[in-house]
Participant: 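Provided herewith is a single structure, encoded as structure tokens, for subsequent inquiry.
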2 protein chains.
Amino acid sequence: MTTQTTDPRAIRTRQLIIDAFNQLIKMKNFDQISVKDITELATINRATFYAHFVDKYELLDSVLTEQTGAVMKTYFTCQEQLSKDLMKRMFLSIVEIHESMNTHCRRGYNTFTQMIEEKVKGQLERIFANLLHGQKLDAIVLSWGMYGAYADWDIGSTVRAEDYAQEVAEKLWAFVQPSA
Amino acid sequence: MTTQTTDPRAIRTRQLIIDAFNQLIKMKNFDQISVKDITELATINRATFYAHFVDKYELLDSVLTEQTGAVMKTYFTCQEQLSKDLMKRMFLSIVEIHESMNTHCRRGYNTFTQMIEEKVKGQLERIFANLLHGQKLDAIVLSWGMYGAYADWDIGSTVRAEDYAQEVAEKLWAFVQPSA
DNA sequence: TCAAAAGTGTTGTGTAAGCGACAAAATTTG
DNA sequence: CAAATTTTGTCGCTTACACAACACTTTTGA
């Protein structure tokens, strides 16, 4: 939860930076994009960039957060009850996050996977913790477990994502409901 | 020739205002568009609007100038030599200016025709004066004559614009080259 | 290999734009 | 018609951004 300005100038400028970055990342590797490139495309002053982000790595970080969050939002809301179906959709959202990142940043996808993993696990953990009313350890196990399952599926599973998601949801559900 | 800022902030803001206005003019009559509407859609402060334009009438004026100029640019450049063909294209540009205005602002087109006439005649006069190296009276006669021809054609001519343009060009050419 | 060029991050100063408030039109409504 | 509401310009104050200059690091290429 960063400060979050309401000043329309700051909002516009931030968006200009993000838009410019998203354009550049389609064509270049992350490490061959300079802050100068970004600010020139965004038609803002370089000094202004540093008023919004400490460096391009923080920019990347916040873009990834935004992207992953946006995809998740299309699969589920944080207000839902925990359920097998919710878990299934959480898994499927991970699949789509990677797919969209892969097509969006073709060039540098591999260099981002580590960051994406951290982002996604972090967000999943927060959501689980929220739904389980603060059972921190459970939330950690679930988020890591789910992401691990995804990573395994990604390596070379031949099963359809849908089916695998179902299986994962069953397993994790059993974990949170050991009674049944 | 207004001051013309190079400050990217001012350029962006001006564009935001113009874009917002162009959106609104598609849906509302000019006189039911308030400055407040424009600034809200443009997400700028109302006070800022008045730093760029004295009122919405000046905004309209400069938008019309821009639009007519943009269309003309697609038909000819100010660097050309005066020729029958150039005159023909000048005439055709008038036709297109009215067509595009008509489809663009459906609602309030009629209220603008007077302003468009003044803009177009003014621009044509400047171009003619430039090409004729400052024969002011010739330039006036030519611009009024050409626009008058357009107005007449517009009322109810059944001739194709192309053909009429050819005719007009011949006539005006004879005027500037009385020797032939 | 080393000089030129390009990029980084920071700072001070000036300016464009945001914001709230205001009185004075202009519009709407009862 | 008058009261209520909206719109209009304007003003003082604050903030976000532009710009130029800076020392510094990294990349480039002759």
Participant: For the pair made of CD1 in B:Ile38 and P in C:dA17, what is the distance, rounded to whole Å?
Facilitator: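 Going from B:Ile38 (CD1) to C:dA17 (P), I get 16 Å.
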Participant: Treating Ile, Leu, Val, Met, Phe, Trp and Tyr as nodes and any side-chain heavy-atom pair under 4.5 angstrom as an edge, say whether B:Trp173 and B:Ile140 lie in one connected cluster.
Facilitator: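 The answer is no; the residues belong to distinct hydrophobic clusters.
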Participant: Verify the cluster assignment for A:Tyr57 and A:Ile18: are they in a single hydrophobic cluster under the rule of side-chain heavy atoms below 4.5 Å apart?
Facilitator: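 They do share one cluster, since a chain of ILVMFWY contacts under 4.5 Å joins A:Tyr57 to A:Ile18.
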Participant: Establish whether the base of C:dA17 is bridged to the side chain of A:Arg9 by a donor-acceptor pair shorter than 3.5 Å.
Facilitator: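 Between C:dA17 and A:Arg9, which were checked side chain against base, a qualifying N/O pair under 3.5 Å is present.
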Participant: In whole angstrom, give the distance that lies between atom CD1 of A:Ile33 and atom C1' of C:dT8.
Facilitator: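 Going from CD1 in A:Ile33 over to C1' in C:dT8 covers 16 Å.
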Participant: Quickly work out the A:Asn45 CG to C:dT10 C1' distance and round it to whole Å.
Facilitator: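 It works out to 12 Å between those atoms.
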Participant: Closest nucleotide of DNA chain C for B:Asp7 versus for A:Val35: which of these residues is on the 5' side?
Facilitator: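 Closer to the 5' end of DNA chain C: A:Val35.
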Participant: From the set C:dA16, D:dT8, C:dC19, return the single nucleotide nearest to any side-chain atom of A:Pro8.
Facilitator: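 Per side-chain heavy atoms of A:Pro8, the pick is C:dC19.
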Participant: Let me know the distance between CG of A:Asp37 and P of C:dT8, rounded to the nearest Å.
Facilitator: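 Taking CG of A:Asp37 and P of C:dT8, I get 8 Å after rounding.
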Participant: Which part of the nucleic acid, if any, lies within reach of B:Thr43 when heavy atoms closer than 4.0 Å are counted: base, sugar-phosphate only, or nothing?
Facilitator: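 Sugar-phosphate, no base atom in range.
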Participant: Would a distance-only check, ignoring hydrogens and angles, find a side-chain to backbone donor-acceptor pair under 3.5 Å from B:Thr13 to B:Ala10?
Facilitator: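 A pair under 3.5 Å: no.
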Participant: Could you tell me how far apart A:Ile44 (CD1) and D:dC19 (P) are, to the nearest whole angstrom?
Facilitator: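 From A:Ile44 CD1 to D:dC19 P: 11 Å.
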Participant: Tell me whether B:Asp55 contacts the main-chain N or O of B:Glu58 through its side chain, where contact means a donor paired with an acceptor under 3.5 Å.
Facilitator: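 Yes, because the side chain of B:Asp55 sits within donor-acceptor range (under 3.5 Å) of the backbone of B:Glu58.
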Participant: Atom CD of A:Gln32 and atom P of D:dT26: how far apart are they, to the nearest Å?
Facilitator: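 Distance check: A:Gln32 CD to D:dT26 P gives 19 Å.
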Participant: Looking at B:Lys88 and B:Glu170, is any side-chain nitrogen of the basic one under 4.0 Å from a carboxylate oxygen of the acidic one?
Facilitator: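 Salt bridge absent between B:Glu170 and B:Lys88.
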Participant: Quick one: B:Arg46 CZ to C:dA25 C1', roughly how many Å, whole number?
Facilitator: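 Rounded to the whole Å, the gap is 13 Å.
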Participant: Would you verify whether the NZ or CZ of B:Lys56 falls within 45 degrees of the ring axis of B:Phe30 while also being under 6.0 Å from that six-membered ring's centre?
Facilitator: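 Geometry flag: set, cation within 6.0 Å and 45°.
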Participant: Please work out which residues in residues 47-60 of chain B have a non-hydrogen atom less than 4.0 Å from an atom of DNA chain C and list them by number.
Facilitator: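 Result for residues 47-60 of chain B: B:Ala47, B:Thr48, B:His52, sorted by number.
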Participant: Closest to the B:Thr13 side chain: C:dA17, D:dC17, D:dT7?
Facilitator: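 So the nucleotide nearest the side chain must be C:dA17.
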Participant: Among C:dA21, C:dG7, C:dA17, find the nucleotide with the atom closest to the side chain of A:Lys36.
Facilitator: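 Closest nucleotide to the A:Lys36 side chain: C:dG7.
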Participant: Ignoring backbone atoms, test whether B:Arg12 places a side-chain nitrogen or oxygen under 4.0 Å from the OP1 or OP2 oxygen of D:dA18.
Facilitator: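 Affirmative; the distance criterion is met.
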Participant: Is it true that a side-chain atom of B:Asp37 and a backbone atom of B:Ser34 form a donor plus acceptor pair closer than 3.5 Å?
Facilitator: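 A pair under 3.5 Å: yes.
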